Amino acid sequence: MNARILLLLLWPFAVSAQGFAGLGTGTDGFSTPQQPAIFDFPADHGPHDDYRIEWWYLTANLTAEDGTPYGLQWTLFRSALTPDGGEGWSSPQLWMGHAAVTTPDAHFVTERLARGGIGQAGVTADPFEAWIDDWQLVGDDFDTLRMTASGPDFAYDMGLRAQGPLVFHGDAGYSVKSAQGQASYYYSQPFYDIEGTLTLPDGDVVVSGQAWLDREWSSQPLSDNQTGWDWFSLSFEDAKLMGFQLRQTDGTAYTSATWIDADGTTTPYTDGAFSAQPLSVSSVAGREIPTLWRVLLPDRDLDVIVQAINDQAWMDTSIPYWEGPVTVTGTHAGVGYLEMTGYE
Amino acid sequence: MTKAGLQALLSHWLRNPVQLFTLVVGLSLATALWSGVQAVNAEARASYDAAAETLGEGQFAQITATTGTIPQADYIKLRRAGWRVSPVVEGRLDGVRLIGIDALTSPGGIAPVGLNEGDLTVDMITSGILFATQDTLDQIEDYGVQTLPNPDVAPGVILTDVGTAQRLLDMDGMLSRLIVAPAQPVIQPPLADVVSGLSVRPPQGGSDVARLTDSFHLNLTAFGLLSFAVGIFIVHGAIGLAFEQRRPVIRTLRALGFPLGRLVGLIAVELLVISLIAGAIGVGLGYIVAAALLPDVAATISGLYGASVSGTLQLRPEWWLSGLLIAVGGTAMAAAASLWQLARMPLLASARPRAWAMQAGRGRLTQGALALGLLVTAMLLGWLGSGLAAGFGMLAALLIGAALALPVVLDRVLAFGASRAKSVMAEWFWADTRQQLPGLSLALMALLLAMAANVGVSTMVSSFRLTFTGFLDQRLASEFYVYADDAEQAAALRTYLEPRVDKVLPIQSADQGVRGLPSEIYGPTAHATYRDNWLFLNAAPDAWARIEAGEGAAINEQLARRADIAIGDEITLAGRQFAVLGIYGDYGNPIGQVIVTETTFETLFPNVSPLRFGLRMTPGDVPALAVELRDTFGLAEANMVNQAGIKAFSLDVFDRTFTVTGALNVLTLAVAGFAILMSLLTLATMRLPQLAPVWAQGLTRARLGRIEIIRAVLLALLTAALALPLGLALAWTLLAVVNVEAFGWRLPMFLFPLDYARLAVFAVVAAVLAALWPARKLARTRPADLLKVFSNER
Amino acid sequence: MLLNVTNLYKSYAGPDGALPILQGIDMALERGETLALTGESGSGKSTLLHLVGGLDQPDSGVVEVDGVDIGALDDAGRAAVRRDKVGVVFQQFNLIPSLTVGSNIAFQARLAGRDDTVWIKKLAARMGLSNQMEKYPEQLSGGQQQRVAIARTLAAKPALVLADEPTGNLDEATADTVMDLMLDLVAETEAALLMVTHSERLAARMGRRLHLRAGRVA
């Protein structure tokens with residue numbers, strides 16, 4: 001057996017029978033999110049080692065000077081084998097970084113893995129720095145960040161500046177994920193302006209656009225009967241929408257959404273208010289994956305078509321999934337990011 | 001209906017149990033030899049693979065420190081600078097090699113550890129798990145760390161997490177080396193800008209161990225194939241006979257309205273079942289053969305190449321499956337012609353057995369032509385062909401051609417014998433032997449191949465041994481070799497040694513490409529040692545004198561062959577031209593080598609200073625000097641090599657190689673002997689009409705029995721006489737064609753007449769043993785049974 | 001007396017114990033005599049012939065050929081009798097398939113050391129085999145093969161010629177020709193002939209006749 005398989009087994013996110021990325025596993029000994037959610041910044045920008053899983057998840061819709069749309073992803077996952085543990089190499093903390101750049105006809109992706117406890121990867125809250133190897137998301141505070149990543153065939157170096165406040169999903173940051181009450185702490189900074197340089201095989205490209213950063217941590221966000229999710233972050237001219245559906249084994253879905261006004265005012269929507277219907281699928285990495293959606297939020301008279309800029313935005317990483325930029329047309333026009341997991 | 005047909009077909013085996021026995025045993029033996037050899041090979045290969053993977057050598061570049069260890073902080077610096085490297089901690093724990101890796105960053109193919117349950121991950125990282133074979137785990141004390149036996153780890157190696165390894169080896173914060181992943185980011189600073197004191201060693205492209213042991217495995221695989229071929233001859237014979245004898249049954253069944261298609265199907269199913277049973281027996285036997293041979297093979301390989309092979313055998317599914325497959329495939333091959341004939345046989349074809357084994361081959365002419373064609377092909381391939389495939393093609397054409405030619409040649413020899421016969425008994429003996437030939441030819445072909453394989457392989461191994469030991473004599477001309485750890489120590493050593501030994505010969509080398517091929521340049525001191533001991537395969541006149549005068553260089557055979565360099569051609573070293581004045585044999589070395597004088601070398605490579613020295617001295621003084629050097633300079637045992645020790649060791653290794661090939665020799669001969677026995681037994685009953693008239697005219701049964709034995713001896717001797725040149729041709733092909741293509745050097749071939757004579761004796765003994773029972777049976781045939789031949793009662 | 005058989009007994013092992021074949025046979029044959037041995041199938045006539053020819057061993061009783069008691073001989077002794085004193089023609093498979101017709105005819109004579117090329121040539125000519133000498137038995141017809149067998153038997157000029165249904169596999173016309181040749185040559189060599197036959201017609205051509213019934217002389 002080779003190291004790759006070992007690695008997959010080693011990585012507790014790995015797809016298991018219980019649900020995508022092991023998110024459906026038990027919580028034994030880990031802390032679980034409680035209501036009411038009370039945040040303490042900047043400390044909460046840093047890691048919460050007593051929770052099983054946590055991420056710093058940034059996506060960006062970019063445009064080059066010639067108008068070509070680009071998508072960009074920078075993600076750092078933290079996963080804990082046990083709620084407490086040793087130092088150095090015996091630390092139970094494992095880190096995984098995913099970076100990607102999507103163009104209308106290409107998708108560059110790379111992955112990094114690291115053990116906690118030895119300094120190869122980690123996050124500090126003040127000053128803020130999240131890193132794995134040479135990739136980093138760093139700044140004096142959370143509002144002004146520099147972001148770098150590199151892979152065998154691409155690299156990027158971007159500057160970010162927040163233009164609005166943090167927004168909190170669900171009940172003030174307590175985001176329920178199933179009818180059984182599984183939940184996570186979930187907040188975002190969807191108001192970054194971003195600009196920088198993409199290094200691609202054909203040369204450097206200067207780009208600018210909008211970025212959206214998600215922070216989420218939990219110990220068991222998925223219910224046993226949930227197999228995966230479809231997550232949308234959409235930006236319209238004067239508002240933003242975060243919506244997701246958690247697909248369940250019986251064919252139904254558990255949905256949740258947050259409407260974000262330009263000033264950062266949020267309106268949370270509980271199960272059923274938001275809905276997303278796949279309109280057509282693409283064959284991606286040997287699977288059928290919906291890349292054209294109809295998304296509805298009747299309460300906001302929203303009825304839009306969400307279409308992938310590049311159908312083949314497949315994240316061929318230890319835990320594979322689909323993540324890429326989208327365009328939005330219909331009652332509201334705009335751009336955004338789509339993430340789909342659990343498609344076999 | 002199917003049941004009735006099956007019953008009729010199967011009744012044949014009940015009436016002819018010897019035939020069934022021959023078929024099953026022949027197939028079992030063939031499978032056993034094949035799968036036995038395969039098992040030994042697979043086991044050894046799995047061991048190197050595990051070793052190679054553990055070492056990570058060959059496929060990946062590595063970063064090492066001049067100080068020996070790398071601070072963990074440097075590792076983190078490198079990672080954070082964009083270097084995708086993975087840490088390795090390595091050391092000895094109770095004499096066992098302990099290797100710590102980081103599974104998250106190590107490139108694929110590095111760690112052969114298989115984990116069955118994800119739950120192990122937690123323990124592996126937080127408290128540590130030691131993975132190794134049970135044998136290896138038994139060698140270490142209890143360190144309070146969980147152990148997990150795992151057969152995929154190389155023998156003598158414990159694999160664990162880097163943190164656990166640091167803890168057990170007392171290397172906190174230190175790493176032994178870093179493995180460089182093949183894919184690196186597009187943006188990456190140079191190594192020296194990030195850390196100091198570290199250097200990158202490029203990947204070596206394939207495991208050295210595997211390459212070196214390939215020649216040994218080639219040897220074994222060739223043996224396995226030949227053994228199988230020998231077995232298939234037996235199976236072919238048994239199946240052909242069974243088909244012929246069942247013609248009446250088949251005709252009757254068809255006359256009674258049994259559809260031909262179903263009949264063919266039934267027979268095919270019957271053969272499938274028989275071959276599966278025989279294959280299973282064969283795999284079982286093969287396991288025994290392998291288990292008996294493996295300790296010797298393991299010892300041979302670890303001695304020869306320093307690669308550790310587990311001495312115990314595992315039942316790998318791919319192995320027993322391939323054994324069964326080859327049994328079924330072999331049967332299918334052997335039965336194809338018979339089934340095809342049956343399928344096309346007209347209903348009213350003669351129901352009488354065509355005295356199958358008796359009939360002089362009508363196709364003898366075609367067979368002779370085919371044999372000639374194959375032998376010519378073999379010669380053409382040897383002459384014109386190039387590449388390993390041509391070498392193997394040549395081997396195959398040679399062996400099959402010779403096997404097909406055997407009956408034709410024997411027939412001519414026997415006809416000649418008959419024409420020279422004076423007495424009536426002699427005349428009858430030759431004529432009768434000749435008539436027996438078709439029935440025995442398959443068994444004799446088996447004997448021919450078995451003997452040729454023996455001659456060929458033992459010639460190859462013995463030649464290898466002679467050449468290699470000769471080569472060691474040549475290369476290890478100095479009585480004692482010492483290795484300094486650094487330049488400073490080297491200088492001190494030299495000063496210390498010069499008054500104490502006859503001559504200090506510095507050994508210095510530099511790596512350089514020659515005509516685009518990686519090569520080492522050596523600059524030995526001009527000394528009689530080289531002139532006396534280094535023999536050229538090919539050289540210009542006064543080569544040593546001219547090389548010593550700085551006029552040219554000598555190169556090894558590999559380089560000469562690969563770069564197509566001849567004597568007198570020029571090569572460029574560090575910008576200077578050198579004429580090639582000599583080409584020397586350099587066995588076992590994968591890359592090119594060039595020799596210039598010490599002075600020339602110093603001019604070309606002023607920065608290289610010798611760290612190794614050959615010492616000419618009285619052999620008896622070596623142990624005392626070793627003690628002295630250890631006490632004075634703290635030189636480790638590994639830094640001192642006693643030439644006598646190496647030579648004794650390598651001879652020992654070869655002797656173990658002989659144990660393995662010797663055992664295989666005996667087994668193949670035994671299989672061929674069995675083929676002869678079964679053919680003779682089968683022929684015995686069919687031969688009564690040939691023998692009864694002779695008996696009736698005044699010969700005793702005892703004498704007829706004795707003549708049978710003489711006949712077997714004669715045939716064995718004739719076959720041996722033909723096997724000798726074939727075996728030598730085989731050896732030549734292995735040494736001069738396959739070896740050159742595979743490894744780049746040609747081994748000189750030596751002849752071992754005594755070995756061949758002994759082999760001929762073995763073959764005769766095998767033939768006599770095989771003939772003994774049938775002869776005894778004949779000598780005891782009741783007169784009434786002989787008399788039945790003449791009456792209608794038969 | 002060339003052949004003297006006294007109180008000869010022979011039985012074979014059968015499925016239900018010993019199966020008596022010959023039960024006290026007495027007979028004699030002079031040089032130059034011809035005797036037809038007739039009887040039903042299983043009456044023991046072939047067995048008697050085999051015992052007389054040294055091809056098998058009697059249980060008791062005496063078989064004397066040319067003054068030698070065959071019953072007292074070992075395997076080698078009986079082989080010598082077969083080689084030197086007796087010639088046998090069987091119904092079939094008389095010939096050595098690996099040897100040519102010429103070699104087959106000369107085989108026994110050469111074994112016995114009485115190789116007489118002139119006589120063999122003459123025999124072959126009489127048998128109409130002169131053009132067949134280099135052929136192999138399987139290339140001949142059944143009648144030709146039996147003629148070779150007879151020539152081979154007479155080539156060594158044995159004192160006693162034994163024939164067991166020598167024409168049993170041949171058609172009537174061929175059988176008559178073969179029989180004529182054999183009788184002529186036996187007479188010429190002054191041998192005695194003991195022939196087992198079913199055929200009344202052939203038996204009538206012999207000097208004497210001995211009829212066996214259930215292992216006894218009838």
Side-chain angles (χ1 to χ4, degrees), chain B residues 354-355 358-360 411 414-415 417-419 421-439 686-707 711 778-794, chain C residues 10 12-13 21 41 46-47 49-51 53-57 74-100 102-104 106-113 115 136-138 149 152-153 155-156 158 162 164-166 168-169 196:
Chain B
R354 267 188 303 136
M358 301 286 183
Q359 212 188 36
D411 184 66
L414 293 173
S419 74
K422 294 275 186 298
S423 77
V424 62
M425 279 313 294
E427 191 187 323
W428 172 71
F429 174 79
W430 289 107
D432 193 60
T433 307
R434 202 177 154 201
Q435 193 182 34
Q436 278 233 70
L437 203 53
M686 309 165 71
R687 257 173 73 67
L688 280 185
Q690 298 174 343
L691 294 173
V694 185
W695 168 77
Q697 290 176 65
L699 249 63
T700 60
R701 290 164 292 161
R703 182 147 180 222
L704 285 174
R706 283 198 299 276
I707 291 173
R711 192 194 319 280
L778 176 61
R780 296 190 168 186
T781 310
R782 292 183 310 150
D785 289 331
L786 285 164
L787 286 167
K788 275 183 195 161
V789 168
F790 302 115
S791 62
N792 262 334
E793 292 170 44
R794 261 173 71 85
Chain C
K10 178 72 181 175
Y12 283 116
I21 306 290
S41 282
S46 282
T47 303
L49 184 104
H50 294 157
L51 292 175
L55 293 157
D56 211 345
Q57 254 180 308
D74 62 2
D75 216 34
R78 283 199 301 280
V81 168
R82 294 201 296 274
R83 184 173 68 225
D84 299 335
K85 301 193 183 300
V86 183
V88 195
V89 184
F90 295 104
Q91 187 174 353
Q92 58 179 0
F93 289 111
N94 280 292
L95 305 178
I96 301 170
S98 55
L99 296 180
T100 59
S103 295
N104 259 296
F107 191 81
Q108 194 177 1
R110 288 173 68 191
L111 268 186
D115 191 7
Y136 283 88
E138 61 175 19
R152 183 256 283 151
T153 303
L162 304 174
D164 190 354
E165 304 269 12
N169 274 1
V196 169

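Each chain gets a letter, A, B and so on, in the order the sequences are listed, and its residues count up from 1. Note that the coordinates shown come from a computational prediction; the quantities given were computed from them, not determined experimentally.
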Heavy-atom closest pair (C:Pro97 atom, B:Pro689 atom, distance to 0.1 Å) is CD-O, 4.4 Å
What is the minimum heavy-atom distance between C:Arg82 and B:Ala696, and which atoms define it?
-> CD-O, 3.3 Å
Sorted by chain and number, sequence neighbours left out, salt bridge (Lys or Arg N to Asp or Glu O under 4.0 Å) with B:Arg706 holds for none
Top contributor to chain C interface from B:Ala692, B:Ala431, B:Ala702 [non-hydrogen pairs under 4.5 Å] | B:Ala431
With a 4.5 angstrom heavy-atom cut-off, which part of B:Trp695 approaches chain C: side chain, backbone, both or neither?
-> both
C:Asp56 to B:Ala784 - nearest heavy-atom pair and separation | OD2-N, 4.4 Å
If one checks every heavy atom of B:Arg782 against chain C at 4.5 Å, the contacting part turns out to be neither
Between C:Arg78, C:Arg152, C:Glu138, C:Glu165, which residue shows the highest count of heavy-atom pairs closer than 4.5 Å to chain B?
-> C:Arg152
Would you name the heavy atoms of C:Leu95 and B:Pro693 that are closest together and state the gap between them?
-> O-CG, 3.4 Å
Chain B heavy atoms under 4.5 Å from C:Asp75: which part of the residue, side chain, backbone, both or neither?
-> both
Under 3.5 Å, side-chain donor or acceptor atoms of residues 422-429 of chain B against the rest of the protein: list the pairs with distances, not counting sequence neighbours.
from, atom 1, to, atom 2, distance (Å)
B:Ser423, OG, B:Ala426, N, 3.0
B:Glu427, OE1, C:Arg110, NH1, 2.6
B:Glu427, OE2, C:Ser103, OG, 2.4

Closest approach of C:Phe107 and B:Gln697, non-hydrogen atoms and distance?
-> CD2-OE1, 3.4 Å
Test item: C:Arg83 side-chain N/O and B:Leu699 main-chain N/O as donor-acceptor pair under 3.5 Å | no
Any chance you could measure B:Gln690, atom CD, to C:Ser98, atom OG, to the nearest 0.5 Å?
-> 6.5 Å
Closest contact, heavy atoms only, B:Pro783 versus C:Leu55 | CB-O, 3.3 Å
Heaviest contributor of heavy-atom pairs below 4.5 Å to chain C, chosen from B:Arg703, B:Arg434, B:Arg701, is B:Arg701
